[in-house]
Amino acid sequence: MSSDRRKPYPHDEFEPRWQAIWDAEKTFRTAGPGDADFDGSRPKFYVLDMFPYPSGAGLHVGHPEGYTATDILGRTKRMQGHNVLHPMGWDAFGLPAEQYAIKTGQHPRVTTEANIENFRRQLKALGFAYDWDREVNTTDPGYVRWTQWIFLQLYHSYFDEETNKARPVSELEAKGWSREQINAVRLAFVQEAPVNWSPDLGTVLANEEIEEWKAKGHTVERRPLRQWMLRITKYAQRLMDELDPLEWPEGIKLLQKNWIGRSEGAEVDFDVQGHKVTVFTTRPDTLFGATYMVLAPEHSLVAEITSADQKASVEAYVHACASKSDMERGDMNKDKSGVFTGAYAVNPVNGENIPVWIADYVMMGYGTGAIMAVPAHDERDFEFAKKFALPVVQVVQPTGDADWQGYTDPGTAVNSGFLDGLPTAEAKAKIISWLEAKGLGKRRIQFKLRDWLFSRQRYWGEPFPIVWEAGQHRAIPDSELPLLQPELEDFKPTGDPRGPLIKATDWIRYTDTAQRETNTMPQWAGSCWYYLRYCDPKNSERFISKEAEAYWLGGSGKLGAVDLYIGGTEHAVLHLLYARFWHKVLFDLGHLSTPEPFQRLVNQGMILAEDGRKMSKGFGNVVNPDDVVEEYGADSLRLYEMYMGPLADSKPWNPKDVPGVHRFLQRSWRLAVPEFAEHGTLHAHLRSDRPDDPAMEKALHRTIHKVDGDIDRMAFNTAISAMMIFVNDATKGMDRLSRGQLLRFAQLLQPFAPHIAEELWERLGGQGLLTHAKWPRV
RNA sequence: GCCGGCAUGGUGAAAUGGUAAACACAGCGGACUUAAAAUCCGCUGCUCAGCAAUGGGCUUGUGGGUUCGAGUCCCACUGCCGGCACCA
């Protein structure tokens, strides 16, 4: 090697070295309540990443984006004297491992372990300050045990309408409720529910999965099966109300609110040939304009009320609808269809006979599965009435000169008897009072949110801690937890809708007369509470100790437990809603001290490929983080992802920009180490202390101030550019830079590029590990 | 269709209502080098006049408004991205 050759910035040497030191010394271990070295007088900061599903493809460049952001905040808070909880784990149940098992016979546990191994290696190679002693894995028996235990908390609870809280069902037993009565109110309950069943895959599918599997040539049908459900709908109002005070992006709150979908309106009872049919409407003020009624094809009264001459066509229509999924119904959006039942309903407000139809634009799962149709003031009813030549009667006078036909906004009631002349809001109030007085209806709040279908017919998931005997379900005792899956050698679907576990005949047999439930829980189960387990991951007595809960999750006087949660928007609704629901149940039952899991939520934007499209194997545009680390080092990858733009924006990957931040690190390096120096040599002027140059001092202060403020508002890109400006300035007046100034710069750089910062700190003779140093002050 | 979000140089972007384009990429010119790479220095929104130094005009998707002053606030429109989608 020629001695006049410029020494490269040796990230490939010192990055793995520091990672090994941090690992061996457990530098990022976080002491909690109960640990000898725990200092409870310090403020806590719990910063959480959305834990990954360890797929076979390994880490995606999208993962380190959020993970670097939380790492910067965690490292900064640590330097500022906080006890920082910054953990990582694995959402390790999931379909790909099971599919692989079906193909190869390889046990999903083996595949999963190997993938986790690889993910852990990749994350450690990026130098994240995780406390690896707190790693959790949702498939671990020690974790599954508590997932099942929480399920049993739900199973043993009901929602008390008086207090708006979950309570143990034992209170109902004490009041002498029967088993049937109790089963009807449990938060975890059994129901015959129509599901998307794929006979050739031998499993049910989520709505979102249907299209994907159909494209691969599999068939999917609607079929009612016995399923476990969670009564999340009881929490609809609280899930809605308690969203407001949280520090979440307004867009995400709105998404959840729309998903929960609260509507105010009324129930109205109609008489249909001696049967009472209740409809839900948000516009009871238009009752005088109801010219026909529509039932969902699945409505229980359809068969009874259908007249003899309409029987054949009604049955044909019902049959046609039954085989269609919700999605296919949606496809028929443009064209309304329906059949007259031959029956008539009496409009309670004017005694008129109106025809009763069935149509698939009315859904069984919302409201009562029946509507009063007011074609003059509802778009869908209007379309339907036009197609089938049903009468249209105006009952609202529009404000302004809009056409009344199909006018759906508020106006003034007309042709409506005692409501005439009232504005819509007052007409609503008056008709509801009238209905309530006559016993013909009542005020009602309706939510779109449905109960949560919680069972899956799969192998690689938590089995339900439930046994069946004489047609009755009951919980197994806590002492039998965890209940693990039986060992199988053949994972192929059986075609039996009870799922693959029915093959394990020994496992199923609980006693001579009792059998185990063979369904398993969905992947959501483990991710619903992992943030709780991190606080006390090894506890075998409780899912979390009272002390750990109080310190890490409570005590701040805030609504939410975790201080900051960063992750992608893809979990805006389901994961974040499910976790909130479980958290509230555990809160109600006295196990947690905050009503919400996540105080502050920040969504990172998506990292797109260079071509502006999503990264995908199919497009061949995926960037592998390992390659970037190999060429430029972990610090460069971290810095680049933070420098690309604002955290929340989606932005395309530009490989030409990576050398840009890499050059900045090189320049920082050369502030300390001469270009042609042998390993370990510093610039002469840095080998001893000397007075700080005032101009340099001023520039450094400005930088510290800017970086400090930018970290606070998570503007990492501008924090980095401030450091670039400092290094550019310092390079020009390099011999004026003092050792002390460079040490402070290393402190500032540490959260962003911890390896090079730690290395500079050591070479410049900083005290102890930089990770444990204090944050520089202006 | 409904509900969100976004729109600034060739590119990623920056800018408490106060000199638009910091920082970086790409590009151009130069230094070093036998040469290349690397590194360092300089220029770099558009446009007009000038050999030049320099000087003038324009510019934050489009059109309006509020303001002494608008990329930023308000209204309407266009385009792109995301979510929901017959929820009565």
Side-chain angles (χ1 to χ4, degrees), chain A residues 4-9 249-263 265-268 279-284 286 290 293-294 296 326-327 329-338 359-375 377-384 408 446-450 568-570 572-573 603 605-608 610 612-614 639-640 643-646 648-664 666-667 670 675-676 706 709-710 713 715 717-728 731-732:
Chain A
D4 62 346
R5 195 168 173 87
R6 200 178 293 271
K7 279 232 179 271
Y9 140 60
E250 288 306 316
I252 301 294
K253 289 189 190 178
L254 208 62
L255 232 51
Q256 286 217 354
K257 283 186 183 174
N258 291 342
W259 187 266
I260 298 166
R262 184 181 195 273
S263 297
E267 282 181 355
V268 185
V279 304
F280 171 72
T281 176
T282 55
R283 291 299 298 275
T286 62
M293 175 187 267
V294 187
D326 286 350
M327 206 129 59
R329 280 202 195 185
D331 289 345
M332 309 195 309
N333 213 335
K334 291 129 221 147
D335 207 12
K336 293 272 181 295
S337 68
D360 66 1
Y361 82 92
V362 174
M363 272 150 307
M364 200 53 224
Y366 182 77
T368 60
I371 62 156
M372 63 178 215
V374 184
H377 307 295
D378 180 281
E379 267 181 59
R380 299 146 301 179
D381 297 345
F382 187 52
E383 212 182 303
F384 192 82
T408 57
Q446 176 66 41
F447 294 94
K448 272 199 251 185
L449 185 67
R450 314 285 167 94
T569 26
E570 67 273 22
V573 179
N603 287 123
M606 205 185 318
I607 294 185
L608 304 169
E610 201 182 346
R613 296 187 293 184
K614 256 176 103 152
L639 215 53
Y640 171 62
Y643 189 66
M644 291 172 86
D649 291 6
S650 60
K651 49 238 156 191
W653 184 272
N654 182 357
K656 289 194 171 142
D657 282 334
V658 183
V661 291
H662 184 70
R663 270 196 285 273
F664 157 68
Q666 275 185 18
R667 272 198 288 270
R670 285 199 302 264
E675 289 172 39
F676 305 111
K706 174 78 175 149
D710 281 353
R713 53 187 194 103
N717 54 334
T718 51
I720 294 166
S721 78
M723 289 189 282
M724 285 176 169
I725 292 168
F726 175 76
V727 169
N728 289 345
T731 302
K732 282 169 198 160

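It should be emphasised that the depicted structure is a prediction, and the values quoted were computed from it without experimental measurement.
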Integer angstrom distance from the P of B/rG12 to that of B/rG57: 30 Å

Is there a side-chain contact between A/Y361 and A/D381, using heavy atoms and a 4.5 Å cut-off? yes

Within the 4.0 Å heavy-atom criterion, would you say A/G660 contacts the bases, only the backbone, or no part of the nucleic acid? sugar-phosphate

Residue A/S721, side-chain atoms from C-beta onward, closest of B/rA88, B/rC40, B/rA22: B/rA22

Non-hydrogen side-chain atoms of A/I725 and A/K706 separated by less than 4.5 Å: no

For B/rG5, glycosidic torsion class - syn if within 90° of 0, otherwise anti: anti

Determine the Euclidean distance between corresponding C1' atoms of B/rG64 and B/rA70; express it in Å to zero decimal places. 14 Å

Determine the interatomic distance between P on B/rC73 and the same-named atom on B/rU16; round to the nearest Å. 12 Å

Of all the choices, B/rC23, B/rA88, B/rA14, which nucleotide is nearest to the side chain of A/P646 once you look at every atom? B/rA14

Could you let me know what B/rA7 is paired to, Watson-Crick or G-U wobble, both distances under 3.5 Å, or none if it's on its own? B/rU78

Taking only N/O atoms, report every protein-nucleotides 78-84 of chain B pair under 3.5 Å with atom names and distance.
none

Side chain of A/T718 (C-beta onward), nearest among B/rA88, B/rA14, B/rA24: B/rA14

Side chains of A/S650 and A/I607: closer than 4.5 Å at any heavy-atom pair? no

Let me know the distance between CD of A/Q446 and C1' of B/rC86, rounded to the nearest Å. 15 Å

Determine the Euclidean distance between corresponding C1' atoms of B/rU8 and B/rA20; express it in Å to zero decimal places. 8 Å

Would you say A/R713 reaches B/rU16's phosphate, i.e. side-chain N/O to OP1/OP2 under 4.0 Å? no

Base, sugar-phosphate alone, or nothing: which one does A/Y643 contact when heavy atoms must sit under 4.0 Å apart? base

Which listed nucleotide (B/rC23, B/rC86, B/rA88) is nearest to the side chain of A/T281? B/rA88

Specify the separation, in whole Å, of atom CZ of A/F447 and atom C1' of B/rA88. 16 Å

Could you please name the option among B/rA24, B/rA13, B/rA88 that lies closest to any side-chain atom of A/M724? B/rA24

OP1 or OP2 of B/rA88 less than 4.0 angstrom from a side-chain nitrogen or oxygen of A/Y366, does that happen here? yes

Using 30° and 60° as the class boundaries, would you call the ring planes of A/H662 and A/Y9 parallel, tilted or perpendicular? tilted

Specify the separation, in whole Å, of atom CD of A/E379 and atom P of B/rC86. 13 Å

B/rG18 to B/rA85 separation - C1' atoms, rounded to the nearest Å: 45 Å

In whole angstroms, how far is the C1' atom of B/rC3 from the CD1 atom of A/I252? 13 Å

If you measure from the C1' atom in B/rG71 to the same atom in B/rA21, how many Å do you get, rounded? 11 Å

Sub-4.5 Å side-chain heavy-atom contact between A/M606 and A/D649: no

Rounded to whole Å, the CZ-P distance (A/F664 to B/rA22) equals 18 Å

Give a yes/no on whether any side-chain N or O of A/R663 is located under 4.0 angstrom from OP1 or OP2 of B/rC25. yes

Using the P atom in both, what is the distance from B/rU60 to B/rU19, to the nearest Å? 15 Å

Under 4.0 Å, heavy atoms only, any strand: does A/N717 hit a base, just the sugar-phosphate, or nothing? sugar-phosphate

For B/rC84, give its Watson-Crick or G-U wobble partner with both distances under 3.5 Å, or none. B/rG1

Taking a pair to mean Watson-Crick or G-U wobble geometry with both distances below 3.5 Å, B/rC40 pairs with B/rG30

When the distance from CG of A/L639 to C1' of B/rC23 is rounded to whole Å, what number comes out? 12 Å

Please tell me which of A/K656 and A/P652 maps to the more 5' nucleotide of RNA chain B, matching each residue to the nucleotide holding its nearest heavy atom. A/P652

For atom CG of A/D649 and atom P of B/rA7, their distance in whole Å: 8 Å

So, A/T569 and A/N603: side-chain donor and acceptor under 3.5 Å apart, yes or no? no

Under 3.5 Å on both distances, the Watson-Crick or G-U partner of B/rG18: B/rC68

Any sub-3.5 Å donor-acceptor pair from A/R283's side-chain atoms to A/T408's backbone N or O? yes

Supply the atom-to-atom distance A/F447 CZ to A/Y366 OH, rounded to the nearest 0.5 angstrom. 9.5 Å

Euclidean distance for C1', B/rG56 against B/rU11 (whole angstrom): 30 Å

Side chain proximity check, A/M293 to A/M372, heavy atoms < 4.5 angstrom: no

Specify the separation, in whole Å, of atom NE2 of A/H662 and atom P of B/rC25. 12 Å

Where each residue is assigned the nucleotide of RNA chain B containing its nearest heavy atom, which of A/D381 and A/N728 is assigned the position nearer the 5′ end? A/N728

Under a 4.5 Å cut-off applied to non-hydrogen side-chain atoms, are A/E610 and A/P655 in contact? yes

B/rG50 -> Watson-Crick or G-U wobble partner, both distances under 3.5 Å, gives none

With a cut-off of less than 4.0 Å, is there a side-chain N or O of A/R667 near OP1 or OP2 of B/rU39? no

